[in-house]
2 protein chains.
Amino acid sequence: MAKKDVPSKVTIVEVAEKAGVSLGTVSRVMNNDIHVAPDTRERVAAVMREMGYVANRQARGLKGSRTNVIGVLAPDLGTGYIGEILHGIDTELGLHQFDLMLFTTHRTAIKEANYVANLVKGMVDGLLLILPRNPADYTGILTNANFPFVLIDHQGTGSLCPAVGATNWQGAYNATEYLIKLGHKRIGFITGSMDLGAAIDRLDGYKSALQVHHIPEDPQLIYEGTFFQPDGYAGGSALLDLDDPPTAIFASNDVMAMGAMDAIRGRGLRIPEDVSILGFDDIPQSAMVRPALTTVRQPLEHMGRLATQMLIDQLKNPEKGIDRVELPTQLIVRDSTLSPKDRAG
Amino acid sequence: MAKKDVPSKVTIVEVAEKAGVSLGTVSRVMNNDIHVAPDTRERVAAVMREMGYVANRQARGLKGSRTNVIGVLAPDLGTGYIGEILHGIDTELGLHQFDLMLFTTHRTAIKEANYVANLVKGMVDGLLLILPRNPADYTGILTNANFPFVLIDHQGTGSLCPAVGATNWQGAYNATEYLIKLGHKRIGFITGSMDLGAAIDRLDGYKSALQVHHIPEDPQLIYEGTFFQPDGYAGGSALLDLDDPPTAIFASNDVMAMGAMDAIRGRGLRIPEDVSILGFDDIPQSAMVRPALTTVRQPLEHMGRLATQMLIDQLKNPEKGIDRVELPTQLIVRDSTLSPKDRAG
DNA sequence: GAAACGCTTGGAAACGTTTCCATAATATTA
DNA sequence: TAATATTATGGAAACGTTTCCAAGCGTTTC
């Protein structure tokens, strides 16, 4: 096959020629510059339409201007969790005619934060960081560089930077309180990765609720996980093996809750009659699982959308102050929680 | 805050200067060009490391060369289905030092295929098209342009083009046969969007199995859906309302199967005792749902990985013939299917 | 020992934009 | 009506690379 050229390689030059104006004018039309006469604008626009002109974004980006692409740095794509956030980001981006460039860091060594920051430079106008493991590495560099970014689901340690998160503490507090009011006194807790702010906040919320309701905190009831399903299974098993096992288990996210459910069922116990189980996140399958999982809803998609809005705001309006917002979490009661039955002995 | 420059804006020029060579030489070092003396190469490389040089990809792309970014065109991010594929793509891409640019078409009008093709040009070295609604629009343009691409889960209508899919027909055939062997005679079928090849193939597989086993095809038992959950509910309801309702329902994907499950339960019927249900895809939540869903596993992640490999192959080796591969599907029997109970009258 | 060759390197053009500066044309003011 | 302010446009430099061409230089070959 003869090697034809990609669709039609029409550049600003051809447009200018055909419209009988200079390059500068065509560029100005494209960028909605004020200083161009209405009829000129119309004529040029017509030619552009007619020739099917599409700006070459490489060239545009090269000359130090915006690329209309924003970058998303995500740990990986394995969990539905990231997918939900991405969905929100994508939706909002669509509204503003931006495109999305996705970088996953799962393969990138920790120390490469600088490399990433460099790499990304020039390719994207701004960066959305989802749940970075080592946020300080990034935030320092990016702040210094005055490069627009927003943190998602992480309240960057130390220095103030734009971020959107959820009320993790409050959500965990409310959920724990709900279990207590149901009558549970021994409530197991499976934590997330404790290097993540969200995990810490959830644990704190749990502890605070116990304290307020005068239930002594039992270290045995706290199992340290890392947000993955196997931890839920392991944690559930460990908790049930206790001499005085909990009547309810609160996992720091839904997939661990599902792991714990398997552990419970594996021991021939019923959910929720024998053991109540409660999650965090409200990922889509939580409603589908049987019994449907009671959980703390985190507005993931909304978080994605909001962060995107904030970033675009920053882009349009560089001198704005930095925002940090926390979206409310919400307890979703389904079928996996119940009052504990009276236990003899 | 003083506006510092992004990390350190070190260009090829500075590197050349510091290393005491010309621009061309530095470029040659970066691109592993043969014609550069070992010691020169070493010296330049050292300087690059030392200065933390990272190539500006815009500039590189501009001069007609590769960008090391590949584009993914996906309908949307709403379903876990796409997520799985993306996961595979991302994994493979990581191995080859490529980055990923994601374009979602849900917002883009059908007719804009040309626009997209143009837009993408220059930004990415190749394109992965996931389940395009109107593949012909793209494939024609891209083929003409000699632009590398691979279709995922769509056997591009008409002209031959690189594609990876799954054995949809065989999967549906096997699943239907399995139900028949269980003793089912009236098997309801909920189709996907019939403008998609995969949906057509699945329906055909179902029909063929019936035919081979001498079960008459009943148009009433076929409900046309569009791959979304509400269709599953509606389809399930419609099928159960038949005078002679099916004892098993086979949905063209898992989310519709779950919709159908709700419809079944809503009528007070039990799964699988009263009605068996079978899905397609094996998305993660299928194993989690209760009862766990019997389904036809599509190796989504693997498809993503393979397509990516094929694309990278094409990039490195432009004159290769075009490959089309179908990955095998596999029936996963779980708890949602059972022999029909004997029905009196 | 000279010619031819091959390898390494420097230099410069080119990629398609944006943006700044200058100039021409037009409108406003005194 | 002349002087001035304003607006519309053209021209050219700049962005950071790649790549082509040619030149330098050391080796081989006759």
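Heavy atoms only: backbone and side chains are in, while hydrogens, waters and symmetry mates are out.
- Here the nucleotide nearest the side chain of B:R60, chosen from C:dT8, C:dT17, D:dT17, is D:dT17.
- Between the CG atom of A:N68 and the C1' atom of C:dT17 there is a distance of 14 Å, given to the nearest Å.
- Residues A:L306 and A:T308 fail the side-chain proximity criterion, which asks for heavy atoms closer than 4.5 Å.
- Between B:H35 and C:dC7 there is no side-chain polar atom (N or O) within less than 4.0 angstrom of OP1 or OP2.
- A residue-by-residue look at A:S22 and B:T11 shows that A:S22 has its nearest nucleotide of DNA chain D further toward the 5' end.
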Going through the distances and angles, do A:V10 and A:M48 end up as a side chain to side chain contact (heavy atoms under 4.5 Å, CB included)?
CA-CA 9 Å; A:V10 26; A:M48 293 200 320; over 6 Å; no
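- For B:V36, whose side chain is taken as the heavy atoms from C-beta onward, the closest listed nucleotide among C:dT9, D:dT9, D:dT18 is C:dT9.
- Rounded to whole angstrom, the span from the CG atom of B:D33 across to the P atom of C:dT9 amounts to 11 Å.
- The side chain of A:A37 lies closest to D:dT9 when the candidates are C:dT8, D:dT9, C:dG10.
- Distance CZ (A:R28) to C1' (D:dG11): 10 Å, rounded to an integer number of Å.
- Using modelled atom types, one side-chain atom of A:R324 and one backbone atom of A:C161 make a donor-acceptor pair closer than 3.5 Å.
- Using modelled atom types, no side-chain atom of B:D153 and backbone atom of B:G165 make a donor-acceptor pair closer than 3.5 Å.
- Within 4.0 Å of B:T25, counting heavy atoms only, lie sugar-phosphate atoms of the nucleic acid but no base atom.
- The separation between A:I34 atom CD1 and D:dA8 atom P is 9 Å, rounded to whole Å.
- Put simply, CG on B:N32 is 12 Å from P on D:dT18, counting in whole angstrom units.
- Side-chain N/O atoms of A:N31 include one lying less than 4.0 angstrom from OP1 or OP2 on C:dT18.
- You'll find that the side chain of B:Y53 is closest to D:dT17, out of C:dT19, C:dG10, D:dT17.
- Among all heavy-atom pairs drawn from A:F98 and A:I70, the shortest one is CD2-CG2, 3.4 Å.
- Taking atom CD of residue B:Q58 and atom P of nucleotide D:dT18, one finds them 13 Å apart after rounding to whole Å.
- In this structure, A:D39 places its CG atom 16 Å from P of C:dA25, rounding to the nearest Å.
- When the nearest nucleotides of DNA chain D are assigned to A:R43 and B:L23 by heavy-atom distance, the more 5′-ward of the two goes with A:R43.
- Within the 4.0 angstrom heavy-atom criterion, no nucleotide atom of any strand lies near A:V13.
- Atom P of nucleotide C:dT18 and atom CG of A:D125 are separated by 13 Å, given to the nearest angstrom.
- For A:S27, counting side-chain heavy atoms from C-beta on, the closest listed nucleotide (D:dT9, C:dT8, C:dT18) is C:dT18.
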